[in-house]
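Structure first, commentary second.
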There are 4 protein chains.
Amino acid sequence: MTNNEIMTSIKDERLIEKRRNQMIQGAITLFKKKGFHRTTTREIAKESGFSIGTLYEYIRTKEDVLFLVVDAIYDKVKKRLMSMMHIEDPSIEHLMRVIDSYFRVVDDMQEEIIIMYQEVKSLQKHTQEYVLQKERDMVHMLQQLIQTCAPKVSKADAELMANNIFVQGHMWGFRRWALHKPFTLDEYIERQLEYLQITIKNL
Amino acid sequence: MTNNEIMTSIKDERLIEKRRNQMIQGAITLFKKKGFHRTTTREIAKESGFSIGTLYEYIRTKEDVLFLVVDAIYDKVKKRLMSMMHIEDPSIEHLMRVIDSYFRVVDDMQEEIIIMYQEVKSLQKHTQEYVLQKERDMVHMLQQLIQTCAPKVSKADAELMANNIFVQGHMWGFRRWALHKPFTLDEYIERQLEYLQITIKNL
Amino acid sequence: MTNNEIMTSIKDERLIEKRRNQMIQGAITLFKKKGFHRTTTREIAKESGFSIGTLYEYIRTKEDVLFLVVDAIYDKVKKRLMSMMHIEDPSIEHLMRVIDSYFRVVDDMQEEIIIMYQEVKSLQKHTQEYVLQKERDMVHMLQQLIQTCAPKVSKADAELMANNIFVQGHMWGFRRWALHKPFTLDEYIERQLEYLQITIKNL
Amino acid sequence: MTNNEIMTSIKDERLIEKRRNQMIQGAITLFKKKGFHRTTTREIAKESGFSIGTLYEYIRTKEDVLFLVVDAIYDKVKKRLMSMMHIEDPSIEHLMRVIDSYFRVVDDMQEEIIIMYQEVKSLQKHTQEYVLQKERDMVHMLQQLIQTCAPKVSKADAELMANNIFVQGHMWGFRRWALHKPFTLDEYIERQLEYLQITIKNL
DNA sequence: GATGAATGAGCATTCATTCAT
DNA sequence: GATGAATGAATGCTCATTCAT
């Protein structure tokens, strides 16, 4: 399943894209405030700037909106992550720079990431799988970057580290009640990177 | 707010405890399968072994059930964590043993922990705060254990490490789709502990 | 149907009377505040000083409570009215004195009278009829007093006047929002009595 | 608060009016039979000719229906009263003619008036006040008519008389069990008007 | 006689979805 | 393509009444 396998009765592709983007923006705004379940389709339509009837011209069920949203969030993270990944010179420093950037991306997208932690389970198994694959892909990219930049790290270690880094990024968002008081973002990044460097060097 | 500030019209304290435990068990079973929002109060009553009327003799709103559940989960983790924490001899080895146990506890409670990640946000701010305080307390315990067992680690580092460890525990549950294929629990624990030891030694 | 035709499983007559009086007092307090429909049987039991189980030992349905209440209110008005009615000397002055007293009784029982205006319709037809008969009896007493004290007034006029007087009494209670600002009770009574006297004299 | 401050999600004003009228008619039919509290919203929807969902598109709570009903009843009485009030020649005869008409209006609306006596108290204080103001306005109109047609009557007397007349009208409806046997409507009106005329002339 | 825990039918209200215009 | 009125199944919650202790 992909984004454009969602049923619609509209022919004009350009319009579909435009409407769905409106919908995603509107829905994200609302999901941030109230979560998926407490948000009604009417509210989504209104926030998106069109009528409930029109909403249902572009999706089939409320869950489709959630899918569109989650998918869009993943794509956004992925796109921003990708733009930093092209390896100029495969050094530890370069790895650190990428991870630093990643932490800043998730800082910027804290609320979107919280949505994902809370709502992915509400997707159908099938759709969930599609979305998780995207996450796996991203983790895999990071894993490979680790292996490239720190060739001595084993594949298994690289994989686990990639997961650790990913979750440490998210954690900055979903545990802000625990972390934002003792640390600034810069401090947080600096510490996590230091732990990682130490680990890589001394494995 | 504490567990027994939830309104009930029942006078027999022993019965309240018994019925609420039935309720918590029933609700957890259902929340694992369908989440809080998709579970109806009628289903909770049925699964708990009594009627909808009886359910509402022991709580006031559906959210009370969620609170009871989340509170019970935290208490269970905390209790099991506490039982391992009494310091015999404050060494790195002892620290590792405690964390190892912690990882095994959360492995055992994976689904309960997923419930928390998904549903804590559905609690009222006020109740949420009460619950998060419990988590803070646990993290704090771990932080202090780190400082005791590894006195050279700074307070800030101990705090961040405690948070990292906590989330790495949870992560084993909520990212099983990413971790359970490449790692067994033993491998997972062994790797995470090794990273930690390296970091502590080389900070 | 009478008061003691209401089913009960209790044998001790004295106890029945005691409990029912508690119940009536409790219910009136609550009905004044919230009306019959918004008051629960649990509240009535509590306000009466015993348990819901006990309440149902002395009545069969919630409507029985309403009946007991309405019946008690009528009896109280009637008793107080009766105590003034024994004719010493059948003059217009005496008639006016009785009516004056009646107005003061209903002033004293405003809220009870409002209960009746609002809730009698909630009784079963059968019970309603029993209660209305009590009102008819009272009106009839007044009618006869009028005829005795003002023999020239026709039977029909006496009947209509009696009804007018009754309702003017109630009106002081249920239209206080219209009457209590422009008139004191004394002024109200004085005016109504004057209109009546004029009418009787000039018919 | 006015009629069209009641929340609705419908945009078509004409439709709102149409549906609300259906609703008012349906509700009055049911309230006459069973009163407000014993009538369910589903019954109201059905009697009005649409589904429960549609009902709630035009109101927010069940109490809104009661308000709509009470408001409509007042408006109807007021409209019919107003249509008779334009003073051609300010004489006692004219006053009597207006009051005669008023009695015939309330005869026609007996059951609606009973609804008001029973249910106004169920409105929120705020809404209740709005409705009572309408009644005050009507009484005030009558009071002024009395003063115009019988200039010797004092303001206070005119006010009390206006209230008496109003309640005598209602009384014909809510005490039919006491009045409809001894009197026809014509007799009732004739007698009440005579008492009034006598009083005015001899004050 | 008194108690209060248990019951479940019943109610107000919501909201995803459809479809005529 | 867009609109928004209509629908009714579903849901949280209440409360009169019963009955075992």
Just by modelled atom types, is the [Y] backbone N or O under 3.5 Å from a matching donor or acceptor in the [X] side chain?
X      : Y      : value
T8(B)  : E57(B) : yes
K76(D) : D71(D) : no
N21(C) : K18(C) : no

Quiz item: Looking at DNA chain E, which of residues 47-56 of chain A put a heavy atom within less than 4.0 Å of it?
Solution: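 Listed by number, they are I52(A), Y56(A).
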Quiz item: By a strict heavy-atom criterion of less than 4.0 Å, which residues belonging to residues 27-36 of chain B are in contact with DNA chain E?
Solution: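 Those residues: none at all.
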Output the rounded distance in Å from [atom1] ([X]) to [atom2] ([N]).
X      : N       : atom1 : atom2 : answer
M7(B)  : dG12(F) : CE    : P     : 20 Å
E57(B) : dA16(F) : CD    : C1'   : 12 Å
R42(B) : dC13(F) : CZ    : C1'   : 9 Å
R38(D) : dA16(F) : CZ    : C1'   : 12 Å

Quiz item: Which atom pair, heavy atoms only, marks the closest approach of A27(B) to V69(B)?
Solution: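 Answer, listing the atom of A27(B) first, then V69(B): CB-CG2, 3.6 Å.
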Residues in side chain to side chain donor-acceptor pair (under 3.5 Å) contact with [X], at least two apart in sequence or another chain:
X       : answer
Y74(A)  : E135(A)
E129(A) : R136(A)
T41(C)  : none

Quiz item: Can you give the dot-bracket line for DNA chain E, using ( ) for pairs inside the strand, [ ] for pairs that cross earlier ones, | for pairs with another strand and . for unpaired bases, where Watson-Crick and G-U count if both distances are under 3.5 Å?
Solution: .||||||||||||||||||||
List the atom pairs, with distances to 0.1 Å, where a side-chain N or O of residues 111-125 of chain D and a protein N or O form a donor-acceptor pair under 3.5 Å, not counting sequence neighbours.
unit_1  : atom_1 : unit_2  : atom_2 : d
Y117(D) : OH     : H170(D) : ND1    : 2.7
E119(D) : OE2    : F36(D)  : N      : 3.0

Exercise. Return the 5'-most residue of the pair K11(B), R60(A) with respect to DNA chain E, ranking by each residue's nearest nucleotide.
Key: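 Comparing both residues, the 5'-ward one is K11(B).
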Quiz item: When you match L15(B) and T39(A) each to their closest nucleotide on DNA chain E, which lands nearer the 5' end?
Solution: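 Residue closer to the 5' terminus by nearest nucleotide: L15(B).
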Exercise. Scan side-chain atoms only and decide if Q22(D) and S48(D) contain a donor-acceptor pair under the 3.5 Å cut-off.
Key: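 Short answer, no.
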Quiz item: If you pin I10(D) and T41(B) to their nearest nucleotides in DNA chain F, which one's is more 5'?
Solution: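 Closer to the 5' end of DNA chain F: I10(D).
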Practice problem: Starting from the 5' end of DNA chain F, give me the residue, I59(B) or R19(A), whose nearest nucleotide shows up first. | Solution: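 In this pair, the answer is R19(A).
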Practice problem: Extract, from 5' to 3' on DNA chain E, the first and final nucleotides lying under 4.0 angstrom from some heavy atom of chain D. | Solution: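 Range of nucleotides within reach of chain D: dC11(E) to dT14(E).
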Quiz item: Excluding sequence neighbours, so at least two apart, what forms side-chain contact (heavy atoms from CB on, under 4.5 Å) with S51(C)?
Solution: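 Counting only residues at least two positions away or on another chain, S51(C) forms a side-chain contact (heavy atoms from CB on, under 4.5 Å) with T54(C).
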Exercise. Check side-chain contact (heavy atoms from CB on, under 4.5 Å) between T29(D) and all other residues, then give those that pass, not counting sequence neighbours.
Key: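 Testing T29(D) for side-chain contact (heavy atoms from CB on, under 4.5 Å), a comparison that skips the adjacent residues, returns K33(D), E47(D).
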Quiz item: Contact class for T8(C) (heavy atom, under 4.0 Å): base, sugar-phosphate, or nothing?
Solution: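 Nothing, no nucleic acid heavy atom in range.
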Exercise. Kindly state each residue pair satisfying ring-ring contact (aromatic ring centres under 6.0 Å, His included) with at least one member in residues 8-27 of chain A, sequence neighbours excluded.
Key: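 Residue pairs with at least one partner in residues 8-27 of chain A: there are none.
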Quiz item: Who are the salt bridge (Lys or Arg N to Asp or Glu O under 4.0 Å) partners of E43(D), not counting sequence neighbours?
Solution: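 E43(D): salt bridge (Lys or Arg N to Asp or Glu O under 4.0 Å) contacts with K34(D).
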Exercise. Hey, could you give me the CG/CZ distance between L15(D) and R20(D), rounded to the nearest 0.5 Å?
Key: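 Taking CG in L15(D) and CZ in R20(D), the distance rounds to 11.0 Å.
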